Amino acid sequence: MASKTVISISLIVSLCVAIFVTQGVAHMQTPPTVPGLFLPGSPIDLVKCWSSLFNVEGCVLEIAKSIFSGKFENVEAACCKAFSTLDANCWPHMFPLNPFFPPLLKDNCARIVPNSPTHN
């Protein structure tokens, strides 16, 4: 009976050690990143990229409608002006699934807001 107790206790201790070591190793590892999204310490700040669009009322909704409909005529001049001021380095991070959308919207905004620069 004593040998069963010793084996049981040693199995429990081994199991606890394995669990705590695994948790300790998990805390030391860096979190995985998803391709297309920000790497830790990235110079592009997503909040800063989106903030100029959120400052114009309804702008984000207009852009979302344009993404899904493919129609750009609903984007108003104030939204186009805010979009045209975005840094081009923000675009791949803001629209990772559709890299062609930002240049299309920017070209359309150049027609709506005449002084708006076109995509280079």
Side-chain angles (χ1 to χ4, degrees):
M1 187 76 165
S3 65
K4 283 187 176 184
T5 305
V6 170
I7 292 174
S8 297
I9 290 175
S10 50
L11 284 176
I12 290 173
V13 169
S14 299
L15 182 63
C16 290
V17 168
I19 290 171
F20 291 128
V21 168
T22 304
Q23 287 178 351
V25 171
H27 286 289
M28 293 184 338
Q29 294 176 348
T30 58
T33 57
V34 178
L37 296 179
F38 295 111
L39 298 173
S42 174
I44 303 296
D45 183 11
L46 188 59
V47 173
K48 186 177 179 183
C49 291
W50 280 103
S51 66
S52 60
L53 298 180
F54 276 108
N55 289 337
V56 177
E57 186 176 344
C59 185
V60 174
L61 183 60
E62 291 174 14
I63 289 175
K65 286 179 183 177
S66 296
I67 289 172
F68 294 116
S69 69
K71 298 178 182 177
F72 302 104
E73 58 268 4
N74 294 333
V75 179
E76 295 180 4
C79 186
C80 276
K81 187 174 180 182
F83 187 81
S84 66
T85 62
L86 287 176
D87 183 6
N89 293 327
C90 288
W91 295 350
H93 301 287
M94 294 171 71
F95 308 102
L97 301 177
N98 191 350
F100 302 109
F101 176 75
L104 289 172
L105 182 59
K106 190 150 186 155
D107 289 343
N108 185 67
C109 284
R111 289 186 217 115
I112 295 172
V113 181
N115 296 334
S116 174
T118 58
H119 175 66
N120 294 329

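Everything numeric here is computed off the predicted structure, so don't read it as measured data. As a basis for the values below, the full set of heavy atoms in this structure was taken, side chains included, without hydrogen atoms, waters or symmetry mates.
- Side-chain heavy atoms closer than 4.5 Å link hydrophobic residues (I, L, V, M, F, W, Y) into clusters, and following such links, possibly through other members, connects F54 to F95.
- N108 contributes atom CG, which lies 6.0 Å from atom SG of C80 (distance to the nearest 0.5 angstrom).
- Under the 30°/60° scheme for interplanar angles, the aromatic rings of W91 and F83 are found to lie parallel.
- Considering every non-hydrogen atom in both C49 and L86, the closest pair reads O-CD2, 3.0 Å.
- Considering every non-hydrogen atom in both S52 and A82, the closest pair reads O-CB, 3.7 Å.
- Using modelled atom types, one side-chain atom of N55 and one backbone atom of S51 make a donor-acceptor pair closer than 3.5 Å.
- Partners of E76 by side chain to side chain contact (heavy atoms under 4.5 Å, CB included), not counting sequence neighbours, listed by chain and number: E62.
- In this structure, L104 is a member of the same hydrophobic cluster as M94, with clusters built from ILVMFWY side-chain heavy atoms closer than 4.5 Å.
- Closest approach of P103 and P99 over heavy atoms only: CD-O, 3.5 Å.
- Residues I112 and F72 share a closest heavy-atom pair of CD1-O, 4.4 Å.
- In the hydrophobic cluster analysis, where Ile, Leu, Val, Met, Phe, Trp and Tyr join through side-chain heavy atoms closer than 4.5 angstrom, L105 is grouped apart from V56.
- How far OG1 of T85 is from CG of L53: 7.5 Å, rounded to the nearest 0.5 Å.
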